[in-house]
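Remarks on the structure that follows.
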Amino acid sequence: MTTEPNSAESSLIDGFGRTIRYLRVSVTDRCDLRCRYCMAENMTFLPRSQIASLDELAIITERFIARGVDKVRLSGGEPLVRRDVIDLVQRLGRHVGSGLKELTMTTNGTRLAGYAGLLAGAGMRRINVSMDTRDPDKFRFITRHGDVAQVLNGIKAATETGLRVKINMVALKDFNEHEIGDMLAWCVGEGHDLTLIETMPLGDVEEDRTDRFMPLTVVKEMIEARFALSRDLNGTGGPARYWRVDGSDTRLGLISPLTANFCDGCNRVRLTTEGKLYTCLGHDDQRDLRAALREGGTAGLDAAIESALVTKPRRHDFRIERDGAPAIARHMSVTGG
Ligand code: SAM
Ligand code: SF4
């Protein structure tokens with residue numbers, strides 16, 4: 001079963017008049033790393049029987065494209081640990097240029113060296129790679145066992161195939177706060193973009209995030225002491241606010257859900273690896289789109305999507321000062337960061 005893009009389809013508008021154009025798909029909740037702010041060391045992952053097939057994820061995603069979504073990001077968990085993920089990338093890549101403006105991915109980069117050529121060949125132009133530090137010992141600490149050399153190799157391979165790389169770095173107090181300037185200088189030298197992220201209270205990670213919370217308002221002042229920045233208003237409709245590093249190709253993005261709420265312009269929804277639709281990262285409401293598809297085909301799927309959008313919340317309700325307890329029990333890896 002496929003759902004072909006059709007410009008006559010009505011677009012997706014939520015109860016607050018926001019048009020939905022961006023779908024993030026978590027293709028797996030599993031990961032080969034255990035970043036301390038993201039996962040507990042001993043995570044329980046979904047049983048395989050609960051995971052939607054790649055065909056089901058593709059059908060649902062194609063329905064969103066038919067209804068006006070023009071940007072799709074594959075995420076996870078770590079998207080490149082799902083076997084055959086490249087089949088999904090290639091299938092969705094066929095919509096780039098006809099309905100879809102951009103197909104992209106957020107990855108931890110550990111397997112990127114082996115996949116970069118395939119991703120570029122399937123129509124990806126840009127990719128986000130998460131790397132909180134370039135220091136091998138600190139990287140091993142924050143990921144609980146990762147090897148930053150693999151990530152750096154992946155970034156190199158991606159650049160060589162022509163993929164534009166954006167580094168995602170979660171700003172963490174007493175961990176990487178004094179490396180942020182050097183990371184930005186490195187990105188300028190390599191021609192990458194950099195996005196800094198405030199740690200969000202999602203899922204139990206067996207640690208207290210309050211201790212590590214670093215407001216990006218403070219980080220930005222530190223950066224401006226070293227770099228000249230100009231505001232770049234060509235946003236992606238996403239939560240990041242952007243600046244250009246003067247005299248370079250590098251864009252700096254700041255994602256500050258705690259210190260600057262970004263919900264008024266929200267244009268995104270999230271599909272989990274079980275085929276459930278979350279209309280807000282910060283709320284628990286969801287619709288089971290896979291069940292709707294199985295029971296009612298395309299019409300059932302459309303009805304479920306529309307009823308979910310009517311109840312998309314106005315804004316998230318993250319606060320960091322809850323004695324370290326997560327605001328939302330679900331981990332970011334379930335809904336795709
Ligand atoms: N595994 C891939 C990766 O790490 O890029 C994709 C999934 S990961 C959940 C996506 C992004 O979310 C990463 O940049 C990660 O640093 C970020 N992230 C995970 N948990 C977070 C949290 N609690 N607060 C803020 N960012 C988080
Ligand atoms: Fe895995 Fe990405 Fe979460 Fe790190 S941030 S544990 S790489 S899903």
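Counting convention: from 1, in listed order, for ligands and their atoms alike.
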In ligand 1, which numbered atoms sit nearer than 4.0 Å to a non-hydrogen atom of [X]?
X: Ser75; answer: 6 (C), 7 (C)
X: Gly76; answer: 7 (C), 9 (C)
X: Thr107; answer: 2 (C), 3 (C), 5 (O)
X: Val170; answer: 16 (O), 26 (N)
X: Cys38; answer: 19 (C), 20 (N)
X: Asn168; answer: 14 (O)

With distance as the sole criterion, is a donor-acceptor pair present between the side chains of [X] and [Y] under 3.5 Å?
X: Glu78; Y: Thr107; answer: yes
X: Thr133; Y: Asn176; answer: no
X: Arg34; Y: Thr143; answer: no
X: Asp70; Y: Tyr22; answer: no
X: Ser11; Y: Arg67; answer: no

Report yes if [X] has an N/O atom closer than 3.5 Å to an N/O atom of ligand 1; otherwise report no.
X: Tyr37; result: yes
X: Glu78; result: yes
X: Gly77; result: yes

Are any of the heavy atoms in Met169 under 4.0 Å away from ligand 1?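 Contact check Met169 vs ligand 1: negative.
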
So is Gly109 touching ligand 1 or not, going by heavy atoms under 4.0 Å?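 Flag not set, Gly109 not near ligand 1.
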
Do Arg270's NZ or CZ and the ring of Tyr278 fall within the cation-pi criteria of under 6.0 Å and 45°?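 Verdict for Tyr278: no cation-pi partner in Arg270.
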
For a distance under 2.8 Å, tell me if Cys38 has an N/O/S atom near atom 1 (Fe) of ligand 2.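 Cys38 does not place any N, O or S atom closer than 2.8 Å to atom 1 (Fe) of ligand 2.
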
Option set Pro79, Cys31, Cys35, criterion heavy-atom distance to atom 4 (Fe) of ligand 2, minimum: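 Shortest heavy-atom distance from atom 4 (Fe) of ligand 2: Cys35.
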
With a 4.5 Å limit on heavy-atom distance, are the side chains of Ile223 and Leu252 in contact?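 The answer is yes, as the side chains (C-beta and beyond) meet within the 4.5 Å cut-off.
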
Would you say that Asp84 contacts Ile86 through its side chain, given a criterion of any heavy-atom pair below 4.5 Å between the two side chains?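 No; the side chains remain at least 4.5 Å from each other.
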
Give a yes or no on this: more than 12 heavy atoms of other residues, nucleotides or ligands lie within 6.0 Å of atom NZ of Lys138.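 Enclosed: over 12 neighbouring heavy atoms sit under 6.0 Å from NZ of Lys138.
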
